[in-house]
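In what follows, a single structure is set out as structure tokens and then discussed.
Each chain gets a letter, A, B and so on, in the order the sequences are listed, and its residues count up from 1.
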Amino acid sequence: MKITKLHEWNLAPREAIELQKQLAYEVVTRDEFDAPIKTVAGIDLGIDVKNDTCRAVVVVLNFPQLDLIETAEAILPIQFPYVPGLLSFRETPVAVVALEKLTVTPDLILCDGQGIAHPRRFGIACHIGLITGVPSVGVAKSLLVGKYGSLGLTRGSTAPLIHQNERVGVALRTKDNTQPVYVSAGHKISLETATGYVLQCAPKYRLPETTRLADKMASYRKK
DNA sequence: GCGACAG
DNA sequence: ATCTTGTCGC
């Protein structure tokens, strides 16, 4: 797929913060796409400390069947430190390379990280949504900011995620008795709509379980 | 000033 | 992100 280069990535942390503040104004937190959604992409980001590299794995599924129709991967040297709140400057470049390899342009992108549930309301899902122009959703395995109250134990249970008196996302249980994921709007989509898609895609796109499985396989392989 | 802190 | 023991559930 084609991706627009909005700016350089080799910024100093301080400059990156200012850029986020500006770009945050461009984020659209309401549904702004042509229904129906026919394809959904999921991006998993991570780093390999041993090789000093960032990695992005992208899967594209048709919707709502959730059959796998395409995958792409990219690996790049790490060129930005991990700073809470500036994750997108570390991980987005490799995500861009992987996304550009896709022959199809997905209708929705589920990102590994926060959307507007971010100190400056501009997490990596917002960034990816902005540069791709594709509706995006932040699906994080842990919290960056915000708090939430009691959450039911069954699949589909949600609790509002509040930060500075604003509802910035939801804690969502995608499977009975497992850790929830944290959903927040990325770009061109509302929280309600985003939550619905994440829940529907969860059988195939299940970050907590996927991550744990990958960790187990990695440690098991070492022994 | 102290603690918290996506991946 | 990664490391790590015992424990629970299918």
Side-chain angles (χ1 to χ4, degrees), chain A residues 9 13-14 16-17 19-20 23-24 27 42-58 73-99 109-130 136-148 153-155 161-164 166 168-187 191 194 198 203 205-223:
Chain A
W9 291 100
R14 181 154 190 163
I17 289 174
L19 180 56
Q20 287 183 326
L23 294 178
V27 173
I43 308 183
D44 186 31
L45 290 324
I47 62 167
D48 185 338
V49 179
K50 299 183 183 296
N51 299 314
D52 217 41
T53 54
C54 295
R55 185 181 66 138
V57 176
V58 181
E73 182 177 12
I75 294 177
L76 291 180
I78 292 176
Q79 37 65 285
F80 196 92
Y82 173 69
V83 180
L86 297 182
L87 180 69
S88 68
F89 289 87
R90 181 176 171 88
E91 311 267 23
T92 303
V94 70
V96 168
V97 175
L99 287 170
I109 301 178
L110 305 185
C111 303
D112 183 15
Q114 309 291 349
I116 63 168
H118 178 279
R120 291 168 292 281
R121 304 290 180 265
F122 196 73
I124 190 168
C126 302
H127 215 146
I128 289 178
L130 222 51
S136 62
V137 178
V139 186
K141 299 182 289 295
S142 61
L143 288 177
L144 174 59
V145 297
K147 297 179 298 185
Y148 63 100
L153 297 175
T154 59
R155 167 179 159 85
L161 178 62
I162 307 297
H163 180 233
Q164 296 174 346
E166 284 183 73
V168 295
V170 298
L172 169 68
R173 197 89 67 184
T174 58
K175 185 182 178 185
D176 291 354
N177 303 344
T178 60
Q179 282 295 306
V181 292
Y182 304 99
V183 179
S184 56
H187 185 43
L191 176 59
V198 171
Y205 186 80
R206 190 159 9 219
L207 282 176
E209 287 75 13
T210 298
T211 301
R212 286 175 188 170
L213 181 59
D215 287 347
K216 279 189 176 181
M217 291 178 73
S219 60
Y220 188 72
R221 188 173 180 177
K222 288 179 181 177
K223 301 177 183 176

Polar side-chain atom of S136(A) near backbone of H187(A) as donor-acceptor pair, under 3.5 Å: yes
W9(A) and H127(A) aromatic ring geometry - parallel, tilted or perpendicular at 30°/60° bounds: tilted
R90(A) CZ to dC5(B) C1', straight-line distance once rounded to whole Å: 14 Å
Face-to-face stacking of Y82(A) with dG7(B), centres under 5.5 angstrom, angle under 30°: yes
Side chain R173(A), main chain T154(A), donor-acceptor under 3.5 Å: no
Sugar-phosphate, base or nothing in reach of L45(A), heavy atoms under 4.0 Å: sugar-phosphate
Value rounded to 0.5 Å, distance of CG in L86(A) from OG1 in T92(A): 11.0 Å
For E166(A), all residues meeting side chain to side chain donor-acceptor pair (under 3.5 Å), sequence neighbours excluded: R121(A)
Residue-phosphate contact under 4.0 Å: K141(A) side-chain N/O, dG7(B) OP1/OP2: yes
Protein-nucleotide distance (L161(A), atom CG; dA4(B), atom C1'), rounded to Å: 15 Å
Touch class at under 4.0 angstrom, heavy-atom based, for I78(A) against every strand present: nothing
Distance below 4.0 Å between K50(A) side-chain N/O and dT2(C) OP1 or OP2: no
Rounded distance (Å) that lies between atom C1' of dC10(C) and atom CG of D176(A): 14 Å
Protein-nucleotide distance (Q79(A), atom CD; dG7(B), atom C1'), rounded to Å: 14 Å
N/O (side chain, S142(A)) to phosphate O (OP1/OP2, dC5(B)) under 4.0 Å: no
Length of the line joining D112(A):CG and dG7(B):P, which is rounded to integer Å: 6 Å
Flag, side chain of D112(A) to backbone of I43(A), donor-acceptor distance under 3.5 Å: no
Sugar-phosphate, base or nothing in reach of G85(A), heavy atoms under 4.0 Å: base
Sugar-phosphate, base or nothing in reach of I124(A), heavy atoms under 4.0 Å: base
Separation of atom NE2 in H127(A) from atom C1' in dG7(B), rounded to whole Å: 16 Å
Length of the CG-C1' vector between D52(A) and dG7(B), whole Å: 15 Å
Paired and unpaired positions of DNA chain B as dot-bracket, Watson-Crick or G-U wobble under 3.5 Å, | denoting a partner strand: .......
Partners passing salt bridge (Lys or Arg N to Asp or Glu O under 4.0 Å) against R55(A) (at least two apart in sequence or in another chain): E73(A)
R55(A) CZ to dA1(C) P, straight-line distance once rounded to whole Å: 10 Å
